[in-house]
Participant: 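Got a structure for you, written out below as structure tokens; questions coming shortly.
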2 protein chains.
Amino acid sequence: MTVTHDMIRRLSRYKTVLKRLKSLGFVKVFSDNLGDALGISASLVRKDFASFGITGNKRGGYQVEALLVKLYEILGKNCSQQIIVVGCGKIGTALIDYNNFKQDGIKVVAGFDVASDIITTEGPAPIYDISELEEFIRREQIQIAILAVPESAAAHTADTLIHAGIKGILNFAPIQLKGPSNCIIRNINIRMEIEHLFCLIHFQEKDEAINE
Amino acid sequence: MTVTHDMIRRLSRYKTVLKRLKSLGFVKVFSDNLGDALGISASLVRKDFASFGITGNKRGGYQVEALLVKLYEILGKNCSQQIIVVGCGKIGTALIDYNNFKQDGIKVVAGFDVASDIITTEGPAPIYDISELEEFIRREQIQIAILAVPESAAAHTADTLIHAGIKGILNFAPIQLKGPSNCIIRNINIRMEIEHLFCLIHFQEKDEAINE
DNA sequence: TAGATTGTTAATCGATTAACAATC
DNA sequence: TAGATTGTTAATCGATTAACAATC
């Protein structure tokens with residue numbers, strides 16, 4: 001089976017909705033409900049579940065609890081999800097301090113930087129010198145790194161990470177990185193997102209002008 | 001014509017590539033080159049350009065300079081692209097200080113926060129009390145805001161922004177916001193991005209196990 | 001049983017690519 | 001002219017939705 005990006009995004013969103021339903025005391029849920037919550041068809045919900053071998057009851061829908069357990073498993077929530085942050089400038093440290101992952105089992109265990117004056121063992125996670133990066137990744141078997149270095153350092157830092165065995169990189173540097181087949185890179189480009197918005201607004205205004 | 005998200009993302013990437021080509025002294029470029037650079041077919045490049053009324057020469061490709069001018073226009077680079085940051089915690093201030101937009105004409109002109117002790121006129125952009133938000137948006141005709149408030153404040157702050165006339169929101173709060181038809185919201189959910197990576201790795205490992 | 005919802009197949013839709021005539 | 005590249009139409013591909021038999 002091929003797992004698409006959109007599929008995974010939906011799985012993540014099902015999980016969020018189901019967690020809320022569970023906290024409300026819901027025991028079962030129908031594909032119809034989940035479809036409404038995500039703004040997609042019930043067919044797609046059922047198809048997604050079928051793809052991952054999740055089955056429901058012909059008339060009773062899906063058990064919320066069992067569904068969550070399955071989703072946790074698929075999303076890898078049974079393993080420890082330890083990540084590191086490479087580049088501890090403003091954005092890097094913000095991400096280290098950002099503790100919104102914790103409730104979902106994701107933990108930033110260390111930061112790394114070239115500036116020796118910010119090395120510290122204080123704070124939510126220790127910050128080490130970049131020279132310790134490779135050994136740390138190997139020793140702690142870190143799979144995922146957030147890359148928050150300046151553009152000029154992005155490409156070679158990514159190479160270092162990949163060489164050390166990192167399997168996934170979330171890249172905040174403003175450059176489109178492409179990884180080898182054994183490392184998945186997701187690029188978050190804030191400048192592009194803002195341009196995207198300006199462009200959409202631009203067209204919306206045009207369309208309105210036409211409609212009038 | 002309908003402008004899709006993917007289309008805009010490609011326009012943005014064409015622009016990046018073309019800027020680099022220009023700095024290298026390139027005068028013309030073929031759809032084939034751009035396709036290679038973006039990892040798409042030459043057909044799609046030509047189709048994109050056709051959609052926006054950009055024409056080339058039957059044998060001479062496209063003029064780099066003219067193409068850039070057109071793209072700037074489409075991406076709204078002729079208007080001043082002033083944005084604000086609402087919520088000046090760690091991530092908010094990091095974005096205010098982040099000056100990577102500047103070279104692309106995007107400028108953060110103010111920050112807003114509820115905490116009165118961080119109000120300041122120092123730094124790259126002044127930080128005002130949230131009570132001044134609506135008036136500022138109206139007076140300065142701000143179109144786009146970055147939302148970086150805590151999850152609990154996200155929904156009602158977004159409502160305030162929309163009410164004040166904001167046309168686009170880049171949301172960093174970990175909650176999927178949905179806007180009305182006159183305001184476009186793009187959600188950046190870092191937790192989901194990391195889960196996404198873990199999930200992909202998970203499946204890659206499985207697939208490898210099967211192939212062996 | 002009657003009614004409702006799943007699981008799955010067929011239909012639809014949209015985006016991308018291939019192909020090729022037009023033409024510089 | 002011959003060769004190369006655009007602009008555009010047709011073909012393909014993949015993702016989503018509609019439909020419906022199976023069945024609880």
Side-chain angles (χ1 to χ4, degrees), chain A residues 1-14 17-18 21 26-71 74 178 196 199-200 203 207, chain B residues 1-14 17-18 21 26-71 74 176 196 199-200 203 207:
Chain A
M1 181 197 41
T2 334
V3 188
T4 66
H5 285 227
D6 284 344
M7 232 160 148
I8 295 181
R9 194 172 307 133
R10 286 197 300 273
L11 289 187
S12 219
R13 294 184 63 197
Y14 294 140
V17 173
L18 285 165
L21 288 181
F26 274 57
V27 174
K28 58 188 178 183
V29 65
F30 303 121
S31 58
D32 200 46
N33 306 138
L34 289 172
D36 287 346
L38 268 73
I40 56 176
S41 71
S43 301
L44 187 52
V45 176
R46 294 199 294 276
K47 199 154 211 186
D48 280 340
F49 289 172
S51 301
F52 292 98
I54 297 173
T55 56
N57 307 8
K58 278 276 179 202
R59 242 206 77 205
Y62 301 83
Q63 299 293 314
V64 171
E65 184 59 37
L67 208 44
L68 266 174
V69 169
K70 274 281 194 181
L71 287 176
I74 295 163
K178 244 179 100 175
H196 195 138
C199 190
L200 283 171
F203 277 102
D207 289 348
Chain B
M1 182 201 35
T2 334
V3 188
T4 65
H5 285 227
D6 285 344
M7 233 159 148
I8 295 181
R9 192 170 310 131
R10 286 197 300 270
L11 289 187
S12 218
R13 295 184 63 198
Y14 294 139
V17 173
L18 285 165
L21 288 181
F26 274 59
V27 174
K28 57 187 180 183
V29 64
F30 303 121
S31 58
D32 200 45
N33 305 140
L34 289 172
D36 286 346
L38 268 73
I40 57 177
S41 71
S43 301
L44 187 52
V45 176
R46 295 200 294 276
K47 198 152 213 189
D48 280 340
F49 289 172
S51 301
F52 292 98
I54 297 172
T55 57
N57 308 11
K58 278 278 180 199
R59 242 206 78 205
Y62 301 84
Q63 299 294 313
V64 171
E65 184 58 36
L67 207 45
L68 266 174
V69 170
K70 274 281 193 179
L71 286 176
I74 294 164
Q176 198 88 2
H196 195 136
C199 191
L200 284 171
F203 276 101
D207 289 349

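Just so we're on the same page: letters track the sequence lines, and every chain starts at 1. All figures in this text were calculated on a predicted structure; none of them were measured in a lab. Scope of the values below: all heavy atoms of this structure, side chains included, with no hydrogens, waters or symmetry mates.
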Participant: Between dA4(C) atom C1' and D32(A) atom CG, what is the distance in whole Å?
Facilitator: 11 Å
Participant: Return the value, rounded to whole Å, for the distance between atom CZ of F30(A) and atom P of dA4(C).
Facilitator: 11 Å
Participant: Looking at the side chain of Y62(B), which of dT6(D), dG3(C), dG3(D) is the nearest nucleotide?
Facilitator: dT6(D)
Participant: Rounded to whole angstrom units, what separation is found between the CZ atom of F49(B) and the C1' atom of dG7(D)?
Facilitator: 13 Å
Participant: What are the two closest non-hydrogen atoms of R10(A) and L38(A), and how far apart are they?
Facilitator: O-CD2, 4.0 Å
Participant: Looking only at non-hydrogen atoms, find the nearest pair between R13(B) and A37(B) and report the distance.
Facilitator: NH2-O, 4.2 Å
Participant: At under 4.0 Å between heavy atoms, how does the protein contact nucleotides 13-21 of chain D? Give one character per nucleotide, 5' to 3', with B, S or -.
Facilitator: --SBBBB--
Participant: Is it the case that over 12 heavy atoms from other parts of the model lie below 6.0 angstrom from the CZ atom of F52(B)?
Facilitator: yes
Participant: If the condition is ring pair (Phe, Tyr, Trp, His ring centres under 6.0 Å), which residues does F30(A) pass it with, not counting sequence neighbours?
Facilitator: none
Participant: In whole angstrom, what separates N33(B)'s CG from dA4(D)'s C1'?
Facilitator: 13 Å
Participant: For the residue pair C199(B) and I74(A), what are the closest heavy atoms and their distance?
Facilitator: SG-O, 3.7 Å
Participant: My validator wants the stems of DNA chain D: runs of 3 or more consecutive Watson-Crick or G-U pairs, both distances under 3.5 Å, written as range with range.
Facilitator: C:3-24 with D:3-24
Participant: On DNA chain C, compare the nucleotides closest to A50(A) and G60(A); which residue's is nearer the 5' end?
Facilitator: G60(A)
Participant: Between atom CZ in R59(B) and atom C1' in dA2(D), what is the gap in whole Å?
Facilitator: 9 Å
Participant: Could you go through the side-chain contact (heavy atoms from CB on, under 4.5 Å) check for L67(A) and Y14(A) one step at a time?
Facilitator: CA-CA 9 Å; L67(A) 208 44; Y14(A) 294 140; over 6 Å; no
Participant: Can you give me the closest heavy-atom contact between S31(B) and R46(B), atom names plus distance?
Facilitator: OG-NH1, 3.0 Å
Participant: Between Y62(A) and L18(A), does a side-chain contact (heavy atoms from CB on, under 4.5 Å) hold up when you go through it step by step?
Facilitator: CA-CA 11 Å; Y62(A) 301 83; L18(A) 285 165; over 6 Å; no
